[in-house]
Amino acid sequence: MESTLDNLLNLVTLTSDRRIHALEGAHEAAVQLGELDALVARIDAALEQEREIGELDRRWNRSTGTPADPSVASPMSLLDNETDQLLTSIRDTLDAYQHGAQQGTTQQVDAAHFVSVVFPKGVGAITSLPYVQKVAAVERVLQTVNHELSHLSTAFGLVPLNDRLRTLVGEQKEAIDHEPEVLEFATVEAARLRGQHNLLEVVAIILGTFHRHADPDHARAREALLRPILAQDQELRAQDQELRAQDQELRAQDQELRAQDQELRASHSTRRSPLGIDPDILDVAQAGHSTDAPAHTGCLRAPQ
């Protein structure tokens with residue numbers, strides 16, 4: 001086992017906002033206790049870094065926002081989503097001709113050719129690209145559909161979509177030029193880990209400073225300093241336990257439904273007649289037969 005703080009201190013990884021709340025509480029307690037300048041300075045440094053980490057988090061959330069949440073989505077994200085929708089619309093239009101038209105007709109063959117040239121690996125191969133690479137890929141698509149396949153673009157009614165796509169490419173280029181440096185998730189993840197490690201260092205300093213187990217003063221100081229941090233930890237653990245309990249309940253309900261389904265299937269199977277006739281059909285037939293109905297003699301009355 002490695003002797004890192006992450007392994008030695010069993011604390012839940014907190015979000016940036018929760019770490020700030022915990023550190024501010026520990027800072028207030030340290031100032032009230034007094035004569036803890038080194039600890040206060042370390043907490044101040046952790047808080048300063050944590051606010052930068054929080055800003056990275058917010059940038060990441062904005063960059064991954066969707067039009068459904070315009071308060072979060074960045075302009076670049078909105079343009080990117082509209083580009084994806086347009087590319088998908090072009091593909092869907094061609095699919096309608098390719099699979100809706102009679103096989104072997106000119107429309108069906110032309111649509112299949114168009115798709116194979118423009119989306120040889122599927123539209124997802126373009127929509128899944130990062131911003132800069134996607135803009136370059138869409139420019140290549142536009143070059144093809146407006147030159148080599150221009151007659152088919154007109155025939156399939158794609159010209160308005162192509163025109164809008166060209167406008168979006170221009171707007172995306174401008175947005176990229178004014179967009180802050182593209183933020184990679186690895187950068188955000190590393191910052192989050194650094195923030196958690198800062199918190200663990202603060203905990204380690206508190207435990208090292210007030211380490212005497214039997215000393216009531218040390219115990220009170222530990223309690224005051226660690227209370228804000230442990231409160232956040234315990235709250236997240238409680239939420240996790242609640243989610244796990246809900247998951248177990250859903251799993252139990254699913255197993256019960258599966259058991260009931262198997263029981264019904266087994267019951268249905270054992271009720272089949274020796275001839276293999278479904279018992280429900282027999283029940284309907286028997287219900288339709290009445291003993292009060294006149295018996296059929298099998299004879300026909302001769303005409304008078």
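Nothing fancy with the numbering, it's 1 onward along the sequence. Please read all numbers here as calculations on a predicted model, not as lab measurements.
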Using the test salt bridge (Lys or Arg N to Asp or Glu O under 4.0 Å), find all partners of Asp92 that sit at least two apart in sequence or belong to another chain.
-> none
Mind checking what makes salt bridge (Lys or Arg N to Asp or Glu O under 4.0 Å) contact with Arg166, not counting sequence neighbours?
-> Asp163
Which residues pass the side-chain hydrogen bond (donor to acceptor under 3.5 Å, both in side chains) test with Arg220, sequence neighbours left out?
-> Asp217
Could you give the distance from CD1 (Ile20) to CG (Leu14), rounded to the nearest 0.5 Å?
-> 11.5 Å
Closest approach of Phe156 and Ala111, non-hydrogen atoms and distance?
-> CZ-N, 3.6 Å
side-chain hydrogen bond (donor to acceptor under 3.5 Å, both in side chains) with His218: which residues, sequence neighbours excluded?
-> Arg212
N/O donor-acceptor pair under 3.5 Å between Ser153 side chain and Val145 backbone = yes
For Glu223, salt bridge (Lys or Arg N to Asp or Glu O under 4.0 Å) partners two or more places apart = Arg227
Pairs satisfying salt bridge (Lys or Arg N to Asp or Glu O under 4.0 Å), at least one member in residues 94-121, at least two apart | Arg91-Asp95
Residues at least two apart in sequence or cross-chain that pass salt bridge (Lys or Arg N to Asp or Glu O under 4.0 Å) with Asp37, listed by chain then number, are none
Supply the atom-to-atom distance Leu165 CG to Leu142 CG, rounded to the nearest 0.5 angstrom.
-> 4.5 Å
Heavy-atom side-chain contact between Val135 and Leu129 under 4.5 Å = no
With Asn146, which residues qualify under side-chain hydrogen bond (donor to acceptor under 3.5 Å, both in side chains), at least two apart?
-> none
Would you mind checking if Glu55 and Arg58 are paired as a salt bridge, meaning a charged N to carboxylate O distance below 4.0 Å?
-> yes
Hey, could you give me each pair passing salt bridge (Lys or Arg N to Asp or Glu O under 4.0 Å) that has a residue in residues 14-34? Not counting sequence neighbours.
-> Arg18-Glu235, Arg19-Glu50, Glu24-Arg51
Taking only residues two or more places apart in sequence or in another chain, which ones pass ring pair (Phe, Tyr, Trp, His ring centres under 6.0 Å) with His21?
-> none
So do the side chains of Gln232 and Leu11 get within less than 4.5 Å of each other, counting heavy atoms only?
-> no
Gln260, CD atom: more than 12 neighbouring heavy atoms under 6.0 Å = yes
Give a yes or no answer on whether the side chain of Gln133 reaches the backbone of Ile126 with a donor-acceptor pair at less than 3.5 Å.
-> no
What pairs meet the salt bridge (Lys or Arg N to Asp or Glu O under 4.0 Å) rule with one or both residues in residues 196-208, with sequence neighbours excluded?
-> Arg42-Glu201
Residues clustering with Val31 (ILVMFWY side chains joined when closer than 4.5 Å, directly or via others) = Val40
CZ of Phe210 to CZ of Arg222: how many Å apart, nearest 0.5 Å?
-> 9.5 Å
Please determine if Lys173 and Glu139 form a salt bridge, counting it only when a charged side-chain N lies under 4.0 Å from a carboxylate O.
-> yes
